[in-house]
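Bear in mind that the values here come from a model prediction, so they are computed numbers and not experimental data.
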Amino acid sequence: MKPKLKTTIVEFMLVLPALALFCLFVVYPLIGGIYYSFTNWNGIDLNMSFIGFENYFSIFKDKYVLEPLANTFIYAFFL
């Protein structure tokens, strides 16, 4: 085996545990959260149905979301 290829394989094997942990604790929950955001699942019940972007449309109609969001932008850009 060539020395460069052997070094590359060793480097990959050293990075593999960190990559596996990153995928387990970051990538998998991120994809799961995105998937669950398109459903009406309450987190406990076994019944889950796909509702698409309805959750995202309803969040921008809620005054308890819009007011703090506006305050955050005001604080971030003007203070």
> Got a sec, which hydrophobics cluster with L19, joining ILVMFWY side chains under 4.5 Å apart, including via others?
Replying inline: none
> Under 4.5 Å between any side-chain heavy atoms of F60 and V65, yes or no?
Replying inline: no
> Which residue pairs satisfy the side-chain hydrogen bond (donor to acceptor under 3.5 Å, both in side chains) criterion with at least one member in residues 7-23, sequence neighbours excluded?
Replying inline: none
>> Under 4.5 Å between side-chain heavy atoms, counting indirect links through other Ile/Leu/Val/Met/Phe/Trp/Tyr residues: same cluster for I31 and L24 or not?
In response: no
> Under the side-chain hydrogen bond (donor to acceptor under 3.5 Å, both in side chains) test, which residues partner Y64, sequence neighbours left out?
Replying inline: none
>> Which heavy atom of C23 sits nearest to which heavy atom of P29, and what is that distance?
In response: O-CD, 4.4 Å
> How about I59: does its CD1 atom have over 12 heavy atoms from other parts shown lying under 6.0 Å from it?
Replying inline: no
> Taking only residues at least two apart or on different chains, which pairs with a member in residues 7-36 satisfy ring-ring contact (aromatic ring centres under 6.0 Å, His included)?
Replying inline: Y36-W41
>> Tell me the closest heavy-atom pair linking I44 and N42, and the distance in Å.
In response: N-OD1, 2.9 Å
> What residues form a side chain to side chain contact (heavy atoms under 4.5 Å, CB included) with I34, not counting sequence neighbours?
Replying inline: L30, F38
Just distance, no hydrogens or angles: give the donor-acceptor pairs under 3.5 Å from side chains in residues 67-79, sequence neighbours left out.
| from | atom 1 | to | atom 2 | distance (Å) |
| --- | --- | --- | --- | --- |
| N71 | ND2 | E67 | O | 3.4 |
| T72 | OG1 | P68 | O | 2.8 |

> Looking at residues at least two apart in the chain, or sitting in another chain, which of them share a side-chain hydrogen bond (donor to acceptor under 3.5 Å, both in side chains) with S37?
Replying inline: Y56
> What pairs with V15 under side chain to side chain contact (heavy atoms under 4.5 Å, CB included), at least two apart in sequence or on another chain?
Replying inline: none
>> For N40, give me all partners under side-chain hydrogen bond (donor to acceptor under 3.5 Å, both in side chains), at least two apart in sequence or on another chain.
In response: S49
